[in-house]
Amino acid sequence: MQCSESGKITDGGKTVRETLNMFAQELVMKQRAEILHALCSSGSAEHLERVLDILLAQGDLTWEDYQNIQVLPEGQGSGLSFSGCCSKIKEKEESRCTSTQTLLTRRPSLVNKLQGCIDGTLEALVVSGHFTSGDCDEVQLPIHTPSQQARCLLNHVRSKGEAAARVVLTYVQQKQESPVNQETVTPPKELLKYQKKLSSSLSAQSCFLSTYGGTSNMPLDDIYTEGQLELAHDCPDINGPLVLEDIVSTVGTVNKDADTVLVSGQAGSGKSTLLQRLHLLWARRAVLQDFLLLFSFSCRRLNSEQRELSVQELLFQHSCWPDREQEEIFQFILDHPHLILFTFDGLDELKQSFSDEHRLCCPTQRAPVHVLLFNLIQGSLMKGVRKVVTSRPEAVGPLLKKHLCKEVLLKGFSPTGIDCFVRKHHTDPTVAAKILGSLQANTALLGLCHSPVLCWIVSQCHMELLGCGEGSPQTITDVYLMILQHFSQHQRPLQRNGAQIWLQEHIETVLHLGQLAFQGIGTTCYLFSRADLEACGVSENDISMGFLIQSKDMSSTHSNHYEFLHVTMQCFFAAFYVILTSNIDRSTIPKLFETQDMKGTDQSSTCFGVCLTSTNLQVKTVDWGATAAETPNLQLTATFVSGLLSQRHRSLLLHCCPSLLIERKVRQVVKCLSKGMQKHFKSIPQPVEGEKKSMHAMPGFVWLIKCIYEMQESRIAKDAMSKLEVDHLKLTYCNIGPVECTALSYVLQHLRNPIGLQLDNNFVGDVGVEQLLPCLHICNSIYLRNNNITDEGISKLIAKGIQCENFQKVALFNNKLTDACTQHFAHLLKTKQDFLSIRLGNNHITAEGAKQLAEGLKFNHSLQYLGLWGNKIGDEGARALASALENSQTLVWLSLVGNGVGSTGACALANIIKNSTSLEGLWLTENCITRAGVEHLIQALQHNTHMKSVWLRNNDLSLEEVEEMTQRESRLIF
């Protein structure tokens, strides 16, 4: 390698650029098949078109080559070569910069800019005489996506000459210079009438919340309580919690080319109610006023649509029917997709799993409803229309996620939300206070109430709750039994004495509803006709109990349809039927407990072969093949089966069916749980030499843990944990909330040997932390990064941790900690002289917190790792820490990245380097240290030969200073 006179580095006469170009061409040739597959396999030409836009703009592709590619027969693209295109770059640079040429060089950005103003640009071209109405029609073909319309327009303009190109560039420039004067759309009168009808319809559907059981109708305004909304990915631009409008806005967008937002949350987390609130506020023109029309759909209802429909028929037949001018209204929708919003509730309830195999691009083409829905979600149909889809997270795979612009997590109520909901539900403040007091006294129940549906049940059953004393609900099954007892006794008070016989008096109703629920879960059916009810023996008396309600969407004067008040209730009754009936096959329970993430790749359905014999029901085989959409309901049903068969509820069941039947099913469940855990344990890979044995748990593992907890038998938990031999249990991104924390703690406390428990990126919260305390003694480390934990949760964690001999490490990056938490850590450091690691990065700790922490560090002789990255301790805090640590002989690693530390702080930290015999790494990246501070660090390093590195990237240093200091001290990392 040598340096030429012009300053270019050369190798044998070739510039580095030429060498890199040759290397890039060779790489492209080697990966030709993979590149072609990536560009062409999705069924859409968009990826290829974007690449062609860039090649045209850079001059690597001539206009003639581009036109040839556009007309290549299928399969001939693999023979395309661009080997001669690079030679045209110089020619391009030498050519005069005309407007037509500018259309090419700026093509990628113009395609993006034109998508929002196609109508205005065409109008400008028509007025200037360069376009005819025929040209406009060709650009605005219904089968074209907005980006395709933009490219078609640019292609037409090129053929019209220099003057037409100038018109387009001038129009786009004017739009850019006047962002306030966005293209105004004047909707036709018929569309405004339709908008009024649509708003009125949505308002009527949304203004009342049917309080699950249909016992009362409460205005949504009076009961609606905000749930916790978070982005599924980190977004540095977000300060504070998300609000309802953020769901549809561009906030947190990951894929700018996608139109679909996913709102995911567990069953009962409030997804449907959130959409209902969104619809109501739009209908009042209180939010989302940028959208002229909002079309709402229920996937549960769409399951019942057997016909093939076009997009137009889907909109008007399943949302709101226009009184007149259907074609004009639909054409407006096609012409202005950015003014339209679709919502689809309950994608996980759709019978078909998401697929992108059948592509549609024509909105007038008929297809099965699920095919229309999938094409709408991925943008093949109605590109530019904003879509909001709700689903449980288990039903959303990577195939669908690649078509999302963002994912928003709905995590149920916060502690404040629980308080707010209970007070809204009970206008009597005395009753509300008693309920909240009962929840505070029972943290397991408080954890359950983070789920809005469970919070409603607890609030609805306040008399039973306040009167149960020591028998207060602990599990999900307990809560659902409480609502069953509540509804049963309100329908018909007990005729005989005895608290354990209430189920016996309503057993016929429970069995009828259970059979209906069981069949529905097995066939992904959530709406039931009168014939379905009659086949299962469901009577008007059974309906009057309140668990089965009339579906407003599907019922008419001629035919009524019914649904369970919530899908979790359907699972609960299905579980009752599995236990109480002898009319099911012995393989039903084993099939129910198959863990989906432990199955092979074969996704073919498995059949339970369930024969339901009844005088009113023909023998029917229920297919419980576990598709992605069904798995959550099957697992929830299995969870309820476990809970109902627990020892605490067995006496209740024994009044309703033979003890031998119950005992056989208990044995089956225990065997299934043991077998399921063993499958997970066998999947643990052997550790790499020198590393700890680690298990990264799958979601099915958490579900099995919850089933064991529901059974409330420590014997089963001990047996399961006796076979788990790992050093580290990783449960990141597993939707772990307070309920799951309760179950994990119940089971993990029986481990034989200490483990590291990693729960990063969940939603544990303060209540979840409290639920984990019973298993803290078996944890040598606990990782709780990104879990919405506050100082209150930390105070309880540390108070317990001090008592736990094994507890030595804690990581709490990206929570909601302030200076108040540092007094608890100071107490921990003073008390536990074997504590090794504290990581508190990306919280809200200032210099005052650092001073408080330093008070504990002065008396500690064991800490090895201290991480405070991304706080605000400044020079003052750095000095306090340096003073406390300058004589430490145990500290190995210290991180103060991004803390506003300047040269004064660096001078103080130099004393640690100078005196320490253990420190290996000091991280001071992204601070404001100048040359003076670095000089002190260099001097300190001269006294320390075992120090490995000091990281100083992105500080207040010039390039010349960095180069000089690197030569002086190689351990400085810039």
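Just so you know, these numbers use all the heavy atoms, side chains as well, and skip hydrogens, waters and symmetry mates. In this chain, numbering begins with 1 at the start of the sequence shown.
- Counting only distance, with no hydrogens or angles, the side chain of Asp246 and the backbone of Val243 share a donor-acceptor pair below 3.5 Å.
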Under 3.5 Å, sequence neighbours excluded: what are the donor-acceptor pairs made by side chains of residues 409-418?
from	atom 1	to	atom 2	distance (Å)
Lys411	NZ	Glu230	OE1	2.9
Ser414	OG	Thr416	N	3.4
Ser414	OG	Gly417	N	3.0

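- Asn442 contributes a side-chain N or O that, together with a main-chain N or O of Pro473, makes up a donor-acceptor pair within less than 3.5 Å.
- Contact check for Leu347 versus Ile377: side-chain heavy atoms found under the 4.5 Å cut-off.
- Residue pairs meeting the salt bridge (charged side-chain N to carboxylate O under 4.0 Å, His left out) criterion with at least one partner in residues 446-459, sequence neighbours excluded, are absent.
- In terms of the side-chain hydrogen bond (donor to acceptor under 3.5 Å, both in side chains) criterion, residue partners of Asp760 (sequence neighbours excluded) are, by chain and number, Gln758, Arg785.
- For the pair Leu274/Ile247, a side-chain contact is recorded, criterion being any heavy-atom separation below 4.5 Å from C-beta on.
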Run the salt bridge (charged side-chain N to carboxylate O under 4.0 Å, His left out) check on Glu305 and Lys351 step by step: do they pass?
CA-CA 11 Å; Glu305 180 58 80; Lys351 290 183 178 180; over 6 Å; no
Checking side-chain contact (heavy atoms from CB on, under 4.5 Å) for the pair Leu242/Val408: CA distance, chi angles, key distance, verdict?
CA-CA 9 Å; Leu242 294 181; Val408 177; 4.1 Å; yes
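- Taking a cutoff of 4.0 Å between a charged side-chain nitrogen and a carboxylate oxygen, Arg277 and Asp221 qualify as a salt bridge.
- When the options Thr639, Thr631, Ile708, Leu636 are evaluated for a side-chain contact (heavy atoms from CB on, under 4.5 Å) with Trp703, the one that passes is Thr639.
- When side chains are defined from C-beta on, Val578 counts as touching Ile589, because their heavy atoms get closer than 4.5 Å.
- Looking at residues two or more places apart in sequence or on another chain, you find no side-chain hydrogen bond (donor to acceptor under 3.5 Å, both in side chains) involving Glu245.
- In this structure, the side chains of Pro774 and Tyr746 stay at 4.5 Å or more apart for every pair of heavy atoms.
- Using a 4.5 Å cut-off on side-chain heavy atoms (C-beta onward), Val670 and Val666 make contact.
- Under the 3.5 Å distance criterion, the side-chain polar atoms of His318 are left unmatched by any main-chain donor or acceptor of Arg301.
- Legend: residues meeting side chain to side chain contact (heavy atoms under 4.5 Å, CB included) with Asn762, ordered by chain and number and at least two apart, are Cys734, Ile736, Leu759, Val764, Asn787.
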Set out, in order, the CA-CA distance, both residues' side-chain angles and the distance that settles side-chain contact (heavy atoms from CB on, under 4.5 Å) for Leu275 and Ser296, then state yes or no.
CA-CA 9 Å; Leu275 279 190; Ser296 65; over 6 Å; no
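- Evaluation of the side chain to side chain contact (heavy atoms under 4.5 Å, CB included) rule for Arg300 yields Ser298, Glu349, Tyr526, Leu527, Glu563, Val567 as partners, not counting sequence neighbours.
- Between Thr225 and the options Cys455, Pro452, Cys420, a side-chain contact (heavy atoms from CB on, under 4.5 Å) holds for only Cys420.
- The shortest distance between side-chain heavy atoms of Tyr709 and Ser745 does not fall below 4.5 Å.
- Taking the salt bridge (Lys or Arg N to Asp or Glu O under 4.0 Å) definition, one finds that Asp478 meets it with Arg648, sequence neighbours left out.
- For Asn735, the side chain to side chain contact (heavy atoms under 4.5 Å, CB included) partners at least two apart in sequence or on another chain are Gln266, Pro393, Phe763.
- Partners of Thr742 according to the side-chain hydrogen bond (donor to acceptor under 3.5 Å, both in side chains) rule, which considers only residues two or more places apart in sequence or in another chain, are Gln771.
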May I have the step-by-step check of side-chain contact (heavy atoms from CB on, under 4.5 Å) for Leu634 and Ile521, ending in yes or no?
CA-CA 7 Å; Leu634 296 178; Ile521 294 296; 3.8 Å; yes
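- With rounding to the nearest 0.5 angstrom, the CG atom of Leu448 is 10.0 Å from the CD1 atom of Ile457.
- When only modelled atom types and interatomic distance are considered, Ser459 and His425 share a side-chain donor-acceptor pair under 3.5 Å.
- Ring to ring, Phe640 and Tyr480 are close: their centroids are under 6.0 angstrom apart.
- Note that CD of Gln635 is 10.5 Å distant from SG of Cys571, once rounded to the nearest 0.5 Å.
- Within the model, atoms OG1 of Thr568 and CD1 of Ile476 stand 9.0 Å from one another, a figure rounded to the nearest 0.5 Å.
- Not counting sequence neighbours, the partners of Thr390 by the side-chain hydrogen bond (donor to acceptor under 3.5 Å, both in side chains) test are Asp345.
- Two rings, from Phe576 and Phe572, have their centers less than 6.0 Å apart.
- Between Leu516 and Phe564, some side-chain heavy-atom pair lies under the 4.5 Å cut-off.
- Applying the salt bridge (charged side-chain N to carboxylate O under 4.0 Å, His left out) definition to pairs two or more places apart or across chains, those involving residues 702-711 are Lys706-Glu740.
- Applying the side chain to side chain contact (heavy atoms under 4.5 Å, CB included) test to Ala697 and every residue at least two apart in sequence or in another chain returns Met695, Phe701, Leu729, Leu731.
- Residues Val261 and Cys405 approach most closely at CG2-SG, 3.5 Å, considering heavy atoms.
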Take Glu713 and Ser646, measure what side-chain hydrogen bond (donor to acceptor under 3.5 Å, both in side chains) needs, and give me the verdict at the end.
CA-CA 7 Å; Glu713 291 189 35; Ser646 67; over 6 Å; no
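- Atoms CD and OG1, on Gln668 and Thr588 in that order, are 8.5 Å from each other to the nearest 0.5 Å.
- Here Phe208 contributes atom CZ and Leu220 contributes atom CG; the two are 10.0 Å apart, rounded to the nearest 0.5 Å.
- At distances below 3.5 Å, at least one donor-acceptor pair connects side-chain atoms of Gln276 with backbone N or O atoms of Ser206.
- Distance check, rounded to the nearest 0.5 Å: NE2 of His566 to CE of Met569 gives 9.0 Å.
- Counting only heavy atoms from C-beta outward, the side chains of Val254 and Leu404 never approach each other to under 4.5 Å.
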Please lay out, stage by stage, how Val396 and Glu407 fare under the test side-chain contact (heavy atoms from CB on, under 4.5 Å).
CA-CA 11 Å; Val396 182; Glu407 180 180 0; 5.8 Å; no
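- Aromatic ring centres of Phe295 and Phe342: separated by under 6.0 Å.
- For His279 and Gln205, the side-chain atoms include no donor-acceptor pair closer than 3.5 Å.
- In summary, the side chains of Asp532 and Ser529 do present a donor paired with an acceptor at a separation below 3.5 Å, with no hydrogens or angles considered.
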Between Phe547 and Phe487, is a ring-ring contact (aromatic ring centres under 6.0 Å, His included) present by the stated rule, with each step listed?
CA-CA 8 Å; Phe547 289 105; Phe487 275 36; 4.7 Å; yes
